[in-house]
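It should be emphasised that the depicted structure is a prediction, and the values quoted were computed from it without experimental measurement.
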Amino acid sequence: MGTTLEPAELVSELGCRFRAGDREGAFALLHPEFRIQQPASLPHGGWHHGRDGMSEMGAAFARHWDRTIGEPRILGSGDAGGGTVVQVTEQTWTAKATGRAATVDVVELFSVSGGLIAEIRVFQQDTHALLETLDEDGGEAAQRRG
C-alpha cells in the first residue's frame with residue numbers, strides 16, 4: 001500500500017530513513033515493481049530490479065567506495081498518487097583501495113506511482129573522475145587529461 005506523501009516529501013523521507021540506518025523502513029517506500037539505473041560504466045552500473053537488486057547494487061558500490069552525501073536539493077511535481085522528483089546532491093566518493101577521492105554533483109530522477117517510489121535513474125556529473133579514484137595512477141591520468 002502506498003503513502004499519502006507528496007512525491008517530494010516521499011523522496012525526502014526515503015533519504016531520512018536511509019541516513020537513520022532504517023533500511024527496512026526505506027525499502028517499505030519502494031513500489032513492488034521498483035527499479036534503479038546507474039551509469040553502465042560504473043562497477044555497480046546498469047538496471048537493478050526490486051529490493052534485492054537495490055541491495056546487490058549497494059553491495060557492489062561498497063566493495064569499491066565509501067561515500068559522503070551533502071544536503072539534498074529536491075524539486076517535485078505531482079500528488080500523492082504519482083509524480084516526478086529531481087534530487088541533486090554533492091557527493092564525495094573515496095576509493096577503498098587507493099584512498100583517492102572525487103566530489104561530484106549527482107542528479108537523481110525519481111518516478112512515483114501509487115504513493116511509492118517506482119524508479120530512480122542516477123546521473124553522476126563525472127563518472128571518469130569517479131573511476132579514476134580506483135586507479136593507482138588516477139591522479140596522473142587526470143592531470144594529463146585536464
Side-chain angles (χ1 to χ4, degrees), residues 1-135 138-139 142 145-146:
M1 180 173 192
T3 70
T4 59
L5 297 173
E6 298 290 321
E9 294 170 330
L10 181 62
V11 169
S12 180
E13 181 62 21
L14 179 75
C16 287
R17 291 181 186 189
F18 272 125
R19 284 189 299 280
D22 181 9
R23 183 177 144 155
E24 289 307 311
F27 280 5
L29 301 177
L30 302 179
H31 191 278
E33 303 289 324
F34 172 78
R35 65 188 197 152
I36 183 169
Q37 181 187 35
Q38 294 276 350
S41 60
L42 296 174
H44 58 287
W47 281 103
H48 306 275
H49 300 272
R51 295 172 181 179
D52 289 344
M54 188 171 208
S55 293
E56 291 165 7
M57 179 198 70
F61 173 89
R63 282 193 290 276
H64 299 281
W65 290 283
D66 289 316
R67 171 177 63 176
T68 58
I69 302 174
E71 193 65 30
R73 292 169 281 163
I74 299 173
L75 305 164
S77 66
D79 58 27
T84 302
V85 177
V86 175
Q87 175 177 274
V88 181
T89 55
E90 182 180 84
Q91 299 185 13
T92 299
W93 294 20
T94 303
K96 292 179 176 180
T98 67
R100 294 185 184 278
T103 300
V104 298
D105 284 338
V106 177
V107 176
E108 296 171 271
L109 303 178
F110 291 79
S111 295
V112 174
S113 178
L116 296 169
I117 296 170
E119 182 177 276
I120 306 171
R121 298 184 67 211
V122 184
F123 302 89
Q124 289 83 358
Q125 175 190 19
D126 188 346
T127 57
H128 290 286
L130 296 171
L131 289 167
E132 284 177 346
T133 67
L134 300 175
D135 187 2
R145 191 177 51 145

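- The ring pair (Phe, Tyr, Trp, His ring centres under 6.0 Å) test applied to Phe110 returns no partner, not counting sequence neighbours.
- The nearest pair of heavy atoms linking Arg100 to Asp135 is NE-O, 3.4 Å.
- Residue pairs meeting the salt bridge (Lys or Arg N to Asp or Glu O under 4.0 Å) criterion with at least one member in residues 50-60: none, sequence neighbours excluded.
- With values rounded to the nearest 0.5 angstrom, Leu42 atom CG is found 5.5 Å from Trp65 atom CH2.
- In terms of modelled atom types and a separation under 3.5 Å, the side chain of Ser111 and the main chain of Ala118 share no donor-acceptor contact.
- When every heavy atom of Asp126 is checked against every heavy atom of Ala129, the shortest pair comes out as OD1-N, 3.0 Å.
- Shown here for Ser55 and Arg23, the closest heavy-atom pair between the two residues is OG-NH2, 2.5 Å.
- Partners of Ala97 under the side-chain contact (heavy atoms from CB on, under 4.5 Å) rule, at least two apart in sequence or in another chain, do not exist in this structure.
- Between the side chains of Thr133 and Trp93, no donor N or O sits under 3.5 Å from an acceptor N or O.
- Figure legend: Arg67 and Phe61 shown as a cation-pi pair, the cationic atom lying under 6.0 angstrom from the six-membered ring centre and within 45 degrees of its axis.
- No side-chain heavy atom of Ile120 sits under 4.5 Å from any side-chain heavy atom of Leu109.
- A heavy-atom distance below 4.5 Å is not found between the side chains of Asp105 and Thr89.
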Please output the side-chain donor-acceptor pairs of residues 34-41 that fall under 3.5 Å, not counting sequence neighbours, one pair per line with the distance.
from	atom 1	to	atom 2	distance (Å)
Arg35	NE	Glu119	OE1	2.7
Arg35	NH2	Glu119	OE1	2.9
Gln37	OE1	Arg121	NE	2.8
Gln37	OE1	Arg121	NH2	3.2
Gln38	OE1	Gln124	NE2	2.9

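- Going from atom CG of Leu5 over to atom CD1 of Ile117 covers 9.5 Å, rounded to the nearest 0.5 Å.
- Residues Pro43 and Leu131 meet the side-chain proximity criterion, which asks for heavy atoms closer than 4.5 Å.
- The shortest distance between side-chain heavy atoms of Val88 and Val106 does not fall below 4.5 Å.
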Residues 74-86, side-chain donor-acceptor partners within the protein, below 3.5 Å, at least two apart:
from	atom 1	to	atom 2	distance (Å)
Asp79	OD1	Gly81	N	2.9
Asp79	OD1	Gly82	N	3.3

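- When all heavy atoms of Leu116 and Ala28 are compared, the closest pair comes out as CD2-O, 3.6 Å.
- Under the side chain to side chain donor-acceptor pair (under 3.5 Å) criterion, the residue pairs touching residues 8-20 are Glu13-Arg17, with sequence neighbours excluded.
- Of the possible donor and acceptor atoms, one in the side chain of Lys96 sits under 3.5 Å from a partner among the backbone N and O of Ala62.
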TODO: Give the C-alpha distance, both sets of side-chain angles, the deciding distance and a yes or no for side-chain contact (heavy atoms from CB on, under 4.5 Å) between His64 and Leu134.
DONE: CA-CA 7 Å; His64 299 281; Leu134 300 175; 3.9 Å; yes
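- Between Leu10 and Leu29 the shortest side-chain heavy-atom distance falls below 4.5 Å.
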